[in-house]
Structures are given as structure tokens and as C-alpha cells.
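Below you'll find the structure, written out as C-alpha cells, and then a few comments.
Any value given below was found using the heavy atoms of this structure, including those in side chains, with hydrogens, waters and symmetry copies removed.
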Amino acid sequence: MAMATMGGGFVNVMKSVDHIVRSNGVFLVSKAASCNFFVSLNLKRRGWQLYCSNSNTDSYLKLRNEELMRQCEMNTFKASGPGGQHRNKRESAVRLKHLPTGIIAQAVEDRSQHKNRASALARLRTLIALKVRNPVPLHTYSPPPELLQILPPSSTLRASDSGPQIGPNNPKFVLGMQALLDLIFAVEGSVSEAAKFLGMSTGALSRLILSDDSLRMAVNELRASKGGNLLNSKKWGHSYLTM
């Protein structure tokens, strides 16, 4: 069973599959959904990615909250642990399971079920961006608009109609983050190669990656699995965007 913890939520990708075929460390996951997924597991570092055989999984992140919720199974439960005498009185903790992918996110920190549901949904969006990969045809690659939005002004591919750069605190950042990770995985974790496709320097792209902890961890996990060096702020330096 593959499991990862991140941002107060957790992922369990194996519960929603019909059957698994093991071959050379890569699992084919056949599901009763519109998209079949290949699950790539790095057993040494306990990392995993879902690779979609179609190119439609970015649409999950483009759904409105209520539309994404309709793709989820929601459970409530009483949170355990510290948090005051009223924390466990009601089932205010929320767990969401995204049925098309099997990804699960949860929130337990608030006494309000409504707020926990919103937090769990936001974490689900982040986990989908981090863990679900779409195919990237490098020979015809052109950055999608959502990726251009998170690139710094130094990118030569940014047009005037791209709007201001958006950062990790903007809800739209996850769309660009997923597209960026799709490209980085397509070039086997090479930040310098990805930077060429984005019309920017290696340093500028490294600083963008370092601006978000979850993005940095995903890229570094991939680079470590390929025997590459980890990105760190001491070498590149970075500043966090507030948009």
C-alpha cells in the first residue's frame, strides 16, 4: 500500500483500484473511470506519482469547489489529540476521497466542520497538482496559460496578456504548479532543461520552485531518485510571492 503524508492531509492511492499489475517497479492501475493511471513507486524514498494515460486530469483543478466536491466521498469523524475540551465533542474533522484518483486529504484542526471541509478541499487540490502527472510532448511543447501565470517577468515567453505573476498564496497557483511539475518530470528532473522550455534562466526557475515548500519537496524527491543534487535556498536564494 502506498501512502504519503503532506500538509495535514494524507494520501492513500491504492484503495480505489480494481486491480494492480506489477512490472519492474511500475504498477498499472486499472480503474472504472475515464482515465487509466500508471503508478510509479520509488520504494527507496517512498515516493509515488500517478501518470494518466489521457491528458484530461488538469481539468480536476479547473473545477469549481462544488464540482470537485461532487467527485469526492466525504466522511466526518472526531479528531483525536490536543486541541481543547471541545475538540472531540462533535465530528468536525473532514476526510475527502477523490474518487477518480483515489487521493485522500483531510483536515482536523478547526472545530468548524465547514472550515475543515474547505481546508481539506484546498489540500486535495494541492495533492492532485503534486501527485497527478499529465503527458508532455516535448517536441511540440508550449507552456499552458496557467503555467505562464506563475512564471517571473524575466521569462521571455511571458506575454503582456499573461497578467501579473501569481504566487503560492493564490488559489490559482496549483494549476501552474501541476503544469510545471508535468514539464519537470518530462525532462527527468533537470531544472536547466525545463528552464529552456520556459524561456528563463536556471536560477530564476530554481527560485520559483523554492518559493513553495510542497513544490520544492516534489522536485527534490524526483531529483534524488535520479541521483541529482537537491535544490536549496543557500545556493539560489529566493523570496516568497504574496499574490
Side-chain angles (χ1 to χ4, degrees), residues 2-17 29 31-35 37 39 48-50 52 54 56-81 83 86-134 144-147 149-150 166-182 211-218 240-243:
M3 183 173 289
T5 58
M6 189 170 300
F10 69 92
V11 184
N12 185 344
V13 67
M14 296 306 180
K15 282 187 177 179
S16 64
V17 303
V29 180
K31 303 174 61 184
S34 60
C35 180
F37 291 96
V39 183
W48 58 271
Q49 294 288 320
L50 289 171
C52 187
N54 305 331
N56 63 350
T57 60
D58 61 341
S59 62
Y60 297 147
L61 297 181
K62 295 177 181 177
L63 295 175
R64 297 191 301 270
N65 284 344
E66 58 270 22
E67 294 172 328
L68 186 57
M69 278 297 302
R70 284 198 289 269
Q71 293 187 342
C72 295
E73 177 182 276
M74 187 179 93
N75 297 108
T76 59
F77 58 99
K78 294 179 181 180
S80 59
H86 301 294
R87 184 174 183 182
N88 297 326
K89 296 292 185 181
R90 295 185 300 169
E91 293 188 347
S92 58
V94 173
R95 180 181 295 120
L96 298 178
K97 176 181 178 180
H98 186 236
L99 298 177
T101 61
I103 292 176
I104 299 175
Q106 71 178 24
V108 302
E109 60 270 22
D110 204 281
R111 289 168 55 187
S112 165
Q113 184 183 116
H114 179 75
K115 290 181 179 179
N116 281 334
R117 190 181 81 156
S119 296
L121 194 61
R123 288 170 184 161
L124 178 63
R125 288 184 181 277
T126 298
L127 288 167
I128 290 173
L130 292 172
K131 292 298 182 181
V132 179
R133 300 277 62 81
N134 296 294
E146 55 268 22
L147 176 50
Q149 283 191 307
I150 72 171
I166 63 176
N169 291 336
N170 189 309
K172 294 181 179 180
F173 185 81
V174 292
L175 276 165
M177 180 169 68
Q178 184 183 47
L180 177 56
L181 284 171
D182 289 342
S211 71
D212 182 80
D213 285 342
S214 57
L215 176 57
R216 171 184 56 81
M217 288 189 290
Y240 287 90
L241 298 171
T242 58
M243 296 182 64

With a 4.5 Å heavy-atom cut-off, do [X] and [Y] have their side chains touching?
X: Cys72; Y: Leu124; result: yes
X: His98; Y: Leu68; result: yes
X: Val108; Y: Phe77; result: yes
X: Ser119; Y: Glu109; result: yes

Roughly how far, to the nearest 0.5 Å, is [atom2] of [Y] from [atom1] of [X]?
X: Gln178; Y: Ile150; atom1: CD; atom2: CD1; result: 11.0 Å
X: Gln106; Y: Leu96; atom1: CD; atom2: CG; result: 9.5 Å
X: Leu63; Y: Leu121; atom1: CG; atom2: CG; result: 10.0 Å
X: Glu146; Y: Lys172; atom1: CD; atom2: NZ; result: 11.0 Å
X: Lys131; Y: Ser214; atom1: NZ; atom2: OG; result: 10.5 Å
X: Met177; Y: Leu130; atom1: CE; atom2: CG; result: 4.0 Å

Next on the checklist: Does Arg117 have more than 12 heavy atoms from other residues, nucleotides or ligands lying within 6.0 Å of its CZ?
Outcome noted: no
Next on the checklist: Tell me the closest heavy-atom pair linking Ala107 and Asn116, and the distance in Å.
Outcome noted: CB-O, 3.2 Å
Checklist entry - Between Ser92 and Gln113, is a side chain to side chain donor-acceptor pair (under 3.5 Å) present by the stated rule, with each step listed? => result CA-CA 4 Å; Ser92 58; Gln113 184 183 116; over 6 Å; no
Item to check | Sidechain-backbone polar pair: Arg123 side chain, Ala105 backbone, donor-acceptor under 3.5 Å | outcome: no
